[in-house]
Every structure is written in structure tokens, then in C-alpha cells.
2 protein chains.
Amino acid sequence: MITDPSLGLRDRKRLETRARLEEAAVTLVLRDGLEQTTVDAISDLADVSPRTFFNYFDSKDSAILGLREIDITAGLLADTIDRAAADGLVDAVVHLILDVMGAPLTRSTIKEDRMEIVRRHPHLLAGQLAQFTQLAAQLTEAVQVLLARDPRYAGQNEADRAASADVVLSLCGGAVRAAVKEWAADAAAVSARFDTASTSHRLEFRAISLAREVLDKLS
Amino acid sequence: MITDPSLGLRDRKRLETRARLEEAAVTLVLRDGLEQTTVDAISDLADVSPRTFFNYFDSKDSAILGLREIDITAGLLADTIDRAAADGLVDAVVHLILDVMGAPLTRSTIKEDRMEIVRRHPHLLAGQLAQFTQLAAQLTEAVQVLLARDPRYAGQNEADRAASADVVLSLCGGAVRAAVKEWAADAAAVSARFDTASTSHRLEFRAISLAREVLDKLS
DNA sequence: TTGCGGCAACGCAAAGTTGCAGTTGCGCAA
DNA sequence: TTGCGCAACTGCAACTTTGCGTTGCCGCAA
């Protein structure tokens, strides 16, 4: 239940509805399977109309993963800039992607259930990751900001920087996707209990290694 | 009309049906606009049922672009390997992507009409490019073959090579996407007549530059 | 307290997409 | 030449997704 009094009734209801939809989606998928779970059923369980479902989520998959519209806060961007200065651009961007895409997996109250679902249906995450470029002009924008503060890209004009940002994002996104793929294959095989926080770190570490390796060998 | 006598009636009919669908799609989109053109209308004009439409194409967009199932022939793979040896991995992969994705744009008989449509609706190509990773396990496989023949990746085991291939593909795919974005923005602004062959070359050149630049600056 | 602007939920309709099952007819071998 | 297997085509139903127009109610200001 959401009780933050700083929000008006309207916003509280909105948050509650979203939470109900997320929980309904996860519950039904665990109970009936991914294919068997329809948007209608999720909406029913959450007590809203199917039309409303799509006012909250872009797709069934988004609801299951609990992805909300990407919103890169000033704080997150600042952290990313710091990270870029400390560890380099690749580390920062990989971290940013995982933070934005993976937050519901590692920080939600139903994260264990979500992890279980993702483990059983790796294409869920992979699919979102494949699309994330188009979903998130914001990410490109954030990377552009990073590039603008990078001396190596100082001479570039706006347009070139946008293009470069796309490529950097694609590289890092690919690394994350590859890391997730491995993790899903591993998790399916090993099926060991795992702790979500450490999983997130392992993913980040692996993604960064992969990206760096390619940079290393191809340049 | 398809008249190659080496094919049986069955195959000839199949090719004809596909051609009719492609042409119907392009014709109707040019006449009525992208949104106004429905799968039903395309199927009608091509004299098949809407259900059959989806036996030939994954989506309306694919039909408009004339994308067929990706099939990397032995010849194409050999060419790509040669190119990798001569100009490097990035050049080869970028070329491969453009060849696979762009063939219908540069080699089809209705290419001018297609180019016109892509110019008016850049998201068509961008969308396909965004999805191409998942569509094309074959591309990943091809890149894996390239990596296997690359001395820098000689020490890697199968699994690591698969991951690296994903990242390389993502990098090059991003570069192509960025190049296409620029081209679309340009073409929309300039709206000049242009020659499809040289467009393809310019795209390839620009994509390679972008990829190399990122490799250069980030490593 | 009342009235108003706007957002949220909703129903409806249309389009895209996919699985299933039945029919037809090509291609091949006996 | 005949018969069989398989692939293509089809209709149908279900599901996902989106646009549009309507209704009701929250939040704010007079």
C-alpha cells in the first residue's frame, strides 16, 4: 500500500494501480505461464480495463518486467558523469543501462518472482534490451552529455556527437545483452539460488569486460 | 514475371506471389500513405488471403522493405571473410549488415519506389535495424566464424566467442543505424535526387567511420 | 464552497499478428 | 499413370496494440 502523504489522492491511486498491474502480471505468469497469461486476465485481476493497462505499460512484457518510462534523473546523470570520469565511458554507460533496465529486477518488492520469470524466459529481457535504443532517446541523450564532457570528443559538432553516442550506446547495449544471455543460459543450467544484488554486479562486470575486450582487440 | 525454368511450378508460383505482395505493398503505400495501407488491402491487391501474407513476411514493414528471411550464402560468407582479411573486421561486418539488410533497397526492381518510401518514413529502416539482432542469429553466427579466423580471438572458447560476436555485431549495427539516421535526416532536408548505388556506398563509408572512431577514442 | 480545467479510466472499433485445422494441388516414386 | 506426402493457401478465432470520443472525478482557484 502506498501511503506517502506528499502525493495527492490522484497520484497515489495511479501508483497503486500500477503496482496492482505489475503484481497481477507476475502472479499470473508464474501461475499460468507466459503464453497463457493475457492482458485481459492481468487487467481483470488488477481491476482495470484492458484499455487502461496500456495507459500504464507499452506492452505485456513491460508490465511483467515492471519497466516504467525511462526517466534519467539529474542525480543519476551526475553519478554517471562521475563514474565516467573515474572509470571511463564504457563503465559508466554500462552501469547506466543496467540501472535503467534492471532496476525493477533488483529493487522491486517482487524481484525474486521477476528473476524467476526472467530465468525461465530470457527472451523477455533480451527483447527489451534489443529495443531499448528506440525506447530510450533519453539514453542517447545522456550518452551525448557524457561525450560532450569527454576531451576526446571535444572537437565534434552536435550532429557527429549524436551519431557517436548512438554507436557507443549500441556497443554497451550489446555487451549488456551478451552478458544477460550468458547469465540466463547459466542460470537455467545451474539453477542455483542467487542473490540479486550480486547478480547485478556480476552482470555489470561481465558486460564491461566484453565491451573492453572488443575495444581492445579491434582498435 | 519469373521464368527461370530450373524451378518447379511450385517455386515459381511462390516467387511470383512474393513479388506480387512486395509490389502491392509499395504501390499502395506510395498511393495511400503508410498508415492508410492495411495488410488486408495489400493481400487483396496481390490476390491472396491476409493469412498468406504472413506466410511470406513477418510484418507489414518487412513486406514494404522487401526483406526476406536472412540467408547468408556460402559465397557471401566467403566474400565477408576476404573483406575482413583485407580491410579488417569492422569493415567486413558493416558491409555484411548492409548487404543483408539493404539488398532490397539497392538491387530490387522497385528500388526507387522503396527509397522514396524509406525517405518519407525513416523509422521503417530504423525499426528493422533495431530488431535485426534478434532476427538474425545467422549474423551472429557469421561474425563468430569471422572471429574464429581472427588471430586476436584465437585463444577464446566457443562461448566467449559467441559473446564477443554479439558485441561486435552490436557495435557495427549501431554504426549502420546511426549512419542511416543521418542519411534519412539529410535526405528529408535536401530531398535531392540521388543514386541508390552511391547512397549505399556512402552509408557504408559513414558507418565504418563511425565505428572506427568509437574504437579509436574509447580504447 | 463552488465551479472549472484536465487527467484518468473506459468502451469501442480497427488493425496487426499468430496458432490451428482443413483443403488443394505440386512433385516424386512406384 | 496413379497414388501418396508435403507444402501452400485458406478461414477462423484469439490476442495485442492503438486511436478516438465520452464520462467522471481530482485538484486548484475564485
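In what follows, every chain begins at residue 1, and chains take the letters A, B, ... in the order their sequences are listed. Remember, it's a predicted structure, so these values are computed and weren't measured experimentally.
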Point to revise | Any S59(B) side-chain N or O less than 4.0 Å from OP1/OP2 of dG16(C) | key: no
Check your understanding: Can you tell me how far the CG atom of L169(B) sits from the OG atom of S170(A), to the nearest 0.5 Å?
Key -> 8.5 Å
**Study point:** CD1 on I81(B) to CG on L89(B), rounded to 0.5 Å
**Key:** 11.0 Å
Review point. Are K181(B) and D166(A) close enough for a salt bridge, meaning some N to O gap below 4.0 Å?
Key: yes
Point to revise | Under-4.0 Å salt bridge between E16(A) and R12(A) | key: no
Check your understanding: Is the cationic atom of R68(A) (NZ for Lys, CZ for Arg) positioned less than 6.0 Å from the six-membered ring centroid of F57(A) and within 45 degrees of its normal?
Key -> no
Point to revise | Spacing of K60(A) atom NZ relative to dG16(C) atom P, expressed in whole Å | key: 20 Å
Practice item. In whole angstrom, give the distance that lies between atom CG of N55(A) and atom P of dT23(D). Key: 18 Å
Point to revise | Basic-acidic side-chain contact under 4.0 Å: E23(A), R18(A) | key: no
Check your understanding: In whole angstroms, how far is the P atom of dC26(D) from the CZ atom of R14(A)?
Key -> 16 Å
Point to revise | Protein proximity profile, nucleotides 23-30 of chain C - base contact B, sugar-phosphate-only contact S, no contact -, cut-off 4.0 Å on heavy atoms | key: --BBS---
Review point. Going by number, which of residues 25-41 of chain B have a non-hydrogen atom under 4.0 Å from DNA chain C?
Key: T37(B), T38(B), V39(B)
Point to revise | All pairs passing side-chain hydrogen bond (donor to acceptor under 3.5 Å, both in side chains) where residues 24-48 of chain A contributes a residue, at least two apart | key: none
Check your understanding: Over how many whole Å does the gap from R51(A) atom CZ to dC20(D) atom P extend?
Key -> 11 Å
Check your understanding: Within the structure shown, what part of the strands sits under 4.0 Å from F57(A) by heavy-atom distance: base, sugar-phosphate, or nothing?
Key -> nothing
Point to revise | Spacing between L15(B) atom CG and dA7(D) atom P, to the nearest angstrom | key: 17 Å
Practice item. Could you tell me the separation between the CZ atom of F53(A) and the P atom of dA8(C), rounded to a whole number of Å? Key: 17 Å
Check your understanding: Which value, rounded to the nearest 0.5 Å, describes the distance between L96(B) atom CG and E204(B) atom CD?
Key -> 10.5 Å
Point to revise | Under-4.0 Å side-chain N/O to phosphate OP1/OP2 contact, Y56(A) with dA9(C) | key: yes
Check your understanding: Going from CZ on F53(B) to CG on L21(B), what distance comes out if it is rounded to the nearest 0.5 angstrom?
Key -> 6.5 Å
Check your understanding: Please give, in whole Å, the distance from dA9(C) P to R18(A) CZ?
Key -> 11 Å
Exercise for review: Return the 5'-most residue of the pair S49(A), F54(B) with respect to DNA chain C, ranking by each residue's nearest nucleotide.
Suggested key: S49(A)
Check your understanding: Between L21(B) (CG) and dT17(C) (P), how many Å, whole number?
Key -> 14 Å
